[in-house]
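Reading through the structure tokens given below for one structure.
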Amino acid sequence: MHRKRQKMSVANIGATILAAFVGAIIVPMPMQSQQVTINPENRAVRDEADRLLDVGYTQLKDGQPREAIKTWLYAISYYRRVNDQAAISYTLARVSDAYELLGASNAAQDTSRQRIGYANTLQDNGAKLESSNNLVSLEIAQGKLESASKLNKAILELSIQNEQEMNTAIALNNSGLIAERYGNHLEALKQYYASIKAHPMREAIGKGYIYINSGDSLMALKNYKTAITNYGMALAIARQYRNYKLMSVASDRIIAAYLEVPNFYRIEELLQNRSSLALVMGDPETASIVQRYLGDLYLSLGNLPKARAAYQESYDFAAMLRDNTSLPLREAYYKLQELERL
């Protein structure tokens, strides 16, 4: 019994340190005695809140993050009427993610802090650590490395104490990002590999992005072959789960790595696949740019017929944009004209 009390006291100290770094709560929180009581008297209100939550997901999936935020804020107002603090906390996390997609870092940070306030009230360490990790990621993106490092250290300690696998993995990845920003790529790799090891199997896409981060540090260290291996791991995960976004990021990175080796025939294959992926993703502009790079590759190898075919496809894809003044269209046209003069 004594050992259990001692362990709890260490966790409480960690939580206190974390709260100090995170800062003050933005919105007033309910009293501790209130948070466990959900008002069941109006089921219709709760049903409407749940419906709005689902509508917000659909809007976000359809590329409408602003509309999703508005819808989720309405959902929160309904959850408040039935005093469902857990649902409010969960929905605030979705709002923060949407703000981050829009590049509204300050709004995302404010919303994350609000969620931490609710998580404290609910004594939900998982939610508190998740939103705190999000704050660290935002601070890293803003170049606030000193404050990010202090907060991340507290998060990592508390995540390990509470046996939070996912939050531990995220904190380790953030440690790697911080070390990388400081130019310490060997330390960054150490943290990235620890994060990959700690990552739960069910979160494979997140692990894929950590392989991307590790590859970036390896590129900085000019260890191109190992970088290709790590980018390849990310690409394999993306293909397995048909995650087009991760697939596109991994493909771009592995192409850049092969350019350093170089392996032109592997680059040819990767560029062809990348162009096809862009079309599947409904992105003819990127497909046009990739085809132009492919044409340049063929031209450097002296294969004029393949270069001409690639430049023509680049032009055709750019024409799909229905903008006669677009840069991809003009560049593809210039490449075709230049080829005719050879």
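All figures in this text were calculated on a predicted structure; none of them were measured in a lab.
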Any non-hydrogen side-chain atom of [X] less than 4.5 Å from a side-chain atom of [Y]?
{"X": "Asn230", "Y": "Tyr193", "result": "yes"}
{"X": "Leu53", "Y": "Trp72", "result": "yes"}
{"X": "Asn106", "Y": "Gln109", "result": "yes"}
{"X": "Leu221", "Y": "Leu189", "result": "yes"}
{"X": "Lys245", "Y": "Tyr209", "result": "yes"}
{"X": "Tyr311", "Y": "Glu338", "result": "no"}
{"X": "Val290", "Y": "Leu277", "result": "no"}

**Message:** Closer than 3.5 angstrom, by distance alone: can the side chain of Ser314 be matched with the main-chain N or O of Ile289 as a donor-acceptor pair?
**Reply:**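 No; zero donor-acceptor contacts below 3.5 Å.
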Taking Ser288 for its side chain and Pro284 for its backbone only, find out whether a donor-acceptor pair lies under 3.5 Å.
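No: the side chain of Ser288 does not pair with the backbone of Pro284.
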Compute whether any side-chain donor of one residue and acceptor of the other, for [X] and [Y], lie under 3.5 angstrom apart.
{"X": "Glu180", "Y": "Tyr192", "value": "yes"}
{"X": "Arg81", "Y": "Tyr79", "value": "no"}
{"X": "Ser89", "Y": "Asp124", "value": "no"}
{"X": "Thr71", "Y": "Gln59", "value": "yes"}
{"X": "Asp323", "Y": "Ser326", "value": "no"}
{"X": "Gln161", "Y": "Glu157", "value": "no"}
{"X": "Glu165", "Y": "Asn167", "value": "no"}
{"X": "Gln291", "Y": "Glu313", "value": "yes"}

I want to check a possible cation-pi pair here: Arg94 against Tyr90, using under 6.0 Å from ring centre and within 45° of the ring axis as the test.
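Yes, a cation-pi geometry.
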| message | With clusters defined by side-chain heavy atoms of hydrophobic residues (ILVMFWY) lying less than 4.5 Å apart, directly or transitively, does Leu279 cluster with Leu270? | response |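 As far as the 4.5 Å side-chain criterion goes, Leu279 and Leu270 are not connected within one cluster.
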Examine Leu186 and Tyr224 and state if one hydrophobic cluster contains both, with Ile, Leu, Val, Met, Phe, Trp and Tyr joined whenever side-chain heavy atoms are less than 4.5 Å apart.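 Linked within one cluster.
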* Test salt bridge (charged side-chain N to carboxylate O under 4.0 Å, His left out) on Asp110 and Arg113 and set out the steps. => CA-CA 5 Å; Asp110 289 346; Arg113 291 191 180 97; 3.7 Å; yes
Between [X] and [Y] (salt bridge meaning N to carboxylate O under 4.0 Å), is one present in this structure?
{"X": "Glu269", "Y": "Arg266", "answer": "yes"}
{"X": "Arg115", "Y": "Glu130", "answer": "yes"}
{"X": "Arg46", "Y": "Asp50", "answer": "yes"}
{"X": "Lys207", "Y": "Glu203", "answer": "no"}

Can you see which heavy atom on Pro200 is nearest to which on Met166, and at what distance?
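Closest heavy-atom pair between Pro200 and Met166: CD-SD, 3.7 Å.
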What are the two closest heavy atoms between Leu102 and Pro65, and how far apart are they?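 Smallest interatomic distance, heavy atoms only, reads CD2-CG, 3.5 Å.
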Applying side chain to side chain contact (heavy atoms under 4.5 Å, CB included), run through Tyr333 and Leu329 and close with a yes or a no.
-> CA-CA 6 Å; Tyr333 178 80; Leu329 188 71; 5.8 Å; no
Working note: Asn152 + Asn133, criterion side chain to side chain contact (heavy atoms under 4.5 Å, CB included); need CA distance, chi angles, decisive distance, verdict. CA-CA 7 Å; Asn152 193 62; Asn133 268 321; 4.1 Å; yes
